[in-house]
Each structure stands twice: as structure tokens, then as C-alpha cells.
Q: 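I have a structure here, written as C-alpha cells, and I will follow up with some questions on it.
Below, chain A is the first sequence line, B the second, and so on; all start at residue 1.
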Amino acid sequence: MPEGIEIEYYRRLAERVLDRRVVAVDAPDPWFLKGGLIGGALADAVVGRRFVAARRVGKLLLLDTDADGPTVGLRFGMTGRLIVDGVAGVDDLQYSSQRDEPAWDRVAFTFDAGDLRIRDPRRLGGVVLDPDESSLGFDLLTISAAQLRRALAGSTAPVKARLMDQARVAGVGNLIADEVLWRAGIDPAREAGSLSDPEIRRLHKHLRAGVGAMIERGGSHTGDLFAERRPGGRCPRDGAPLVRRTVGGRTTWSCPRHQR
DNA sequence: ATTGTGGCCTGCCCGC
DNA sequence: TGCGGGCAGGCCACAA
């Protein structure tokens with residue numbers, strides 16, 4: 001599913017359309033338009049303009065328009081793919097369909113050459129105009145150790161829940177959270193505020209290194225833990241049978257031996 | 001404010 | 001072979 005890593009791939013892909021002129025917007029699914037937006041208003045806002053920057057904060061992809069026009073915010077839920085000029089931003093999207101159905105196109109921007117579209121079977125993504133970026137926390141690719149400390153401090157919530165709280169740390173989804181906590185040897189259910197300074201620094205180190213490795217390997221499903229997230233799965237580090245729980249409302253796999 | 005829960009959406013997979 | 005139920009999780013509304 002798209003987490004911050006996949007959205008970063010989408011952002012890079014979206015850079016292809018910069019400086020092209022939007023000639024049409026097709027939004028066949030009103031459900032997909034968020035924040036009171038309607039198809040006609042979206043088209044009015046961007047047709048004739050050009051996208052001049054493709055930015056990303058967490059799992060939110062932002063396309064800025066020229067001449068102080070609006071910013072288009074794109075969300076992908078867990079099954080949304082970005083497709084630019086017929087090229088998909090990722091080819092292996094976990095938990096989504098491997099099929100390719102044009103009927104799943106929920107929004108499409110057509111340019112003077114080529115197009116950009118979101119293909120989302122489950123319709124959990126969406127499009128919003130001028131999204132509120134200030135409600136998002138520190139981005140997972142640039143967060144500092146001090147910022148991570150601030151995101152976790154004083155909380156009784158599970159550390160995994162805080163990591164996935166987009167208002168605290170933006171871009172961490174379920175797979176990334178499990179992977180980095182496993183790498184750092186920290187129990188996902190630990191109270192966030194109970195982590196010591198050395199543990200926070202260790203978590204930060206593994207967050208940066210783990211995300212970096214997964215970006216290079218090709219996605220949030222390429223972590224060392226991923227293949228063992230299944231019944232009968234064993235810890236790749238010490239061989240202990242993994243434990244499946246619900247933490248922070250999400251299916252969580254962890255090693256009872258080395259994650260403390 | 002913080003934390004937890006349930007619902008939304010729908011393709012897919014398993015068991016009967 | 002068909003069918004029904006459960007599952008996946010990002011996000012949001014809502015409750016305590």
C-alpha cells in the first residue's frame with residue numbers, strides 16, 4: 001500500500017508533467033473529491049494552468065499551479081496508483097489488485113501532451129484543493145532525532161500509534177512502522193513517552209536507515225520483516241516465532257524476543 | 001487535548 | 001463451481 005515511500009516515487013513520476021498545460025480534468029467519481037470540492041470547480045481551478053512543482057509531505061502529493069493558482073492535493077489511500085503518460089508509479093502495490101482497469105480511474109488531468117491519473121480500485125484516496133499542510137507532522141524522510149523525540153514525548157499511546165499519527169510523523173504507514181520498530185528492537189506497544197533518550201536515538205537511526213533501504217529496494221513492502229508477516233512467520237534476526245497483535249488499531253507483527 | 005474505536009470503500013482469498 | 005464472510009489499512013468522524 002502506498003506509504004510515504006510510494007508517494008515519493010509518485011512525486012518523482014509527477015515531475016514529468018511539470019510545465020505542461022492542463023487542457024481538461026475528468027473527475028467521474030464525486031466521492032473521490034474531498035473538502036466540498038466538485039468536478040466543475042476543480043476544472044475551473046486548473047484548466048489553462050501549468051503545474052510548476054511536485055511536492056510531497058508524508059503521504060500527501062502536492063501539485064502547485066502557476067501564477068499563484070491553487071495547489072492540488074492528491075491522496076492515494078491504500079490502493080491508489082499514480083499513472084503518468086501510461087506509466088505507473090509503482091508496479092507492485094501490496095493489498096491492491098494486480099489488474100489494471102481503466103474503470104478504476106477516479107481523476108485524470110489531461111495536458112497539451114499526455115496525462116496524469118489516479119487509478120484506485122477501493123476509492124480510499126481523494127483529491128482536495130489547497131490542502132491544509134500545517135496539520136501534518138515531520139516528514140519521515142527528513143525528521144531529526146530531536147523532532148522524533150518531540151513527536152513521542154509525554155504520550156501514553158503506543159509508540160507505533162504515534163509513529164503512524166500523521167499529525168506527528170508524516171508518511172509512516174503500517175508496514176514501515178513494523179519494520180523500523182523491529183529494526184530498532186522496540187516493542188510497538190510500548191508507551192511512546194516511556195522511550196529513553198538512547199532508545200529514541202536508536203529508533204531515529206533505524207527509521208532513517210530502514211526507510212532509506214526500502215526506498216532503494218523499491219517500496220514499503222521490501223523491508224526485512226515483510227516476508228515473515230504471516231502465520232508461522234519467524235524473526236529474521238533471531239528465529240523466534242513472530243507475534244501478531246492489534247496495536248494502534250492496526251495489524252502488528254513483532255518479535256517477542258528482541259523487541260522490548 | 002488525547003486516545004481508542006468503528007466505518008468507509010471493494011477486490012481478493014479462503015473455506016464450505 | 002459458486003457463494004459468503006473476513007481481511008487489508010489510510011483516513012475521518014465520533015466517543016470517552
Side-chain angles (χ1 to χ4, degrees), chain A residues 1-10 27-37 56-62 73-82 89-90 92-107 118-128 131-137 139-140 150-181 188-194 214 219-221 223 225-233 244-254:
Chain A
M1 74 304 331
E3 302 186 20
I5 290 171
E6 281 74 20
I7 311 306
E8 174 60 19
Y9 298 150
Y10 291 172
D29 183 359
W31 164 262
F32 211 73
L33 303 178
K34 308 298 181 182
L37 186 62
R56 179 194 60 79
V57 180
K59 302 170 192 170
L60 178 65
L61 180 60
L62 298 150
L74 302 178
R75 294 197 167 281
F76 297 87
M78 65 173 287
T79 56
R81 292 171 193 264
L82 185 73
V90 298
D92 184 18
L93 199 58
Q94 300 297 315
Y95 307 120
S96 186
S97 172
Q98 300 305 313
R99 290 192 293 135
D100 235 5
E101 291 282 348
W104 297 336
D105 286 355
R106 308 304 177 188
V107 67
I118 295 180
R119 189 163 290 175
D120 182 6
R122 299 252 310 267
R123 305 167 76 208
L124 288 167
V127 180
V128 63
D132 176 17
E133 300 175 39
S134 69
S135 62
L136 293 169
D139 187 80
L140 83 168
R150 202 184 316 166
L152 302 179
S155 173
T156 61
V159 57
K160 178 176 177 178
R162 274 267 162 148
L163 282 179
M164 291 196 301
D165 180 346
Q166 301 301 298
R168 312 279 177 177
V169 182
V172 175
N174 200 41
L175 296 184
I176 294 176
D178 275 7
E179 173 74 13
V180 302
L181 288 164
R190 280 271 302 279
E191 286 192 5
S194 76
M214 287 184 272
S220 55
H221 61 288
L225 184 65
F226 182 78
E228 299 299 317
R229 292 176 102 262
R230 54 176 175 78
R244 179 191 194 272
R245 289 173 292 175
T246 297
V247 177
R250 293 293 164 230
T251 300
T252 300
W253 294 86
S254 62

Q: Within the structure, does a side-chain N or O atom of A:Arg244 lie under 4.0 Å from either OP1 or OP2 of C:dA8?
A: yes
Q: Take the protein atom CZ of A:Arg81 and the nucleotide atom P of B:dG11, then report the distance between them rounded to whole Å.
A: 14 Å
Q: Roughly how many Å is it from CE in A:Met164 to P in B:dT3, rounded to a whole number?
A: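 Taking atom P of B:dT3 as the reference, CE of A:Met164 is at 14 Å.
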Q: How long is the line joining CG of A:Asp29 and P of B:dC8, in whole Å?
A: 16 Å
Q: Distance check needed: C:dG10 P versus A:Glu3 CD, whole Å only.
A: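 Distance check: A:Glu3 CD to C:dG10 P gives 5 Å.
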Q: So, does A:Arg250 get its side chain near the phosphate of C:dA8, meaning an N or O under 4.0 Å from OP1 or OP2?
A: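 Answer is no, no contact under 4.0 Å.
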Q: Return the value, rounded to whole Å, for the distance between atom CH2 of A:Trp104 and atom C1' of B:dC12.
A: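 Taking CH2 of A:Trp104 and C1' of B:dC12, I get 10 Å after rounding.
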Q: With nearest nucleotide decided by heavy atoms, which residue, A:Arg106 or A:Gly248, maps closer to the 5′ end of DNA chain B?
A: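 Its nearest nucleotide being more 5', the pick is A:Gly248.
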Q: Roughly how far, to the nearest 0.5 Å, is the CG atom of A:Asp29 from the CG atom of A:Asp105?
A: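 Answer rounded to 0.5 Å: 11.0 Å.
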Q: Hey, does A:Gly249 reach any base, or is it just sugar-phosphate, or nothing, if we go heavy atoms under 4.0 Å?
A: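 Counting heavy atoms under 4.0 Å across all strands, no contact is made by A:Gly249.
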Q: Compare side-chain N and O positions of A:Trp31 against OP1 and OP2 of B:dC8 and report whether any pair is under 4.0 Å apart.
A: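 No, no such contact exists.
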Q: Can you tell me how far CG of A:Leu175 sits from CZ of A:Arg250, rounded to the nearest 0.5 angstrom?
A: 11.5 Å
Q: Calculate the interatomic distance between A:Leu61 atom CG and C:dC11 atom P; express it in whole Å.
A: 13 Å
Q: Can you tell me how far apart CD1 (A:Ile118) and CG (A:Leu61) are? Round to the nearest 0.5 Å.
A: 8.0 Å
Q: Of the nucleotides C:dG9, B:dC8, C:dC12, which has the atom closest to the A:Arg75 side chain?
A: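 Per side-chain heavy atoms of A:Arg75, the pick is C:dC12.
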Q: I want to check something: taking the side chain as every heavy atom from C-beta on, are A:Asp178 and A:Lys160 in contact at a cut-off of under 4.5 Å?
A: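 Yes, at least one pair of side-chain atoms sits under 4.5 Å.
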Q: May I have the distance from A:Asp178 (atom CG) to C:dG9 (atom C1'), rounded to whole angstrom?
A: 12 Å
Q: Look at the side chain of A:Arg122 and decide which nucleotide, out of B:dT2, C:dG10, B:dT10, has an atom nearest to it.
A: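 Minimum distance to the A:Arg122 side chain belongs to B:dT10.
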Q: Which residues within residues 152-161 of chain A lie with some heavy atom under 4.0 Å of an atom in DNA chain B?
A: A:Ser155, A:Thr156, A:Ala157, A:Pro158
Q: What is the distance, rounded to the nearest whole Å, between atom CG of A:Asp120 and atom C1' of B:dG11?
A: 11 Å
Q: Do the non-hydrogen side-chain atoms of A:Arg245 and A:Ser254 ever get within less than 4.5 Å of each other?
A: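 A side-chain contact exists here, since the closest heavy-atom pair is under 4.5 Å.
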Q: So do the side chains of A:Glu6 and A:His221 get within less than 4.5 Å of each other, counting heavy atoms only?
A: yes
Q: If you check the A:Lys59 side chain, which of C:dC11, C:dA8, B:dT10 turns out closest?
A: C:dC11
Q: Does the side chain of A:Arg56 reach to within under 4.5 Å of the side chain of A:Asp139, using non-hydrogen atoms?
A: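 Answer yes - side chains close enough.
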Q: Determine: side-chain N/O of A:Thr251 to OP1/OP2 of C:dA8, distance under 4.0 Å, yes or no.
A: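 For C:dA8, OP1/OP2 do have a side-chain N/O of A:Thr251 under 4.0 Å.
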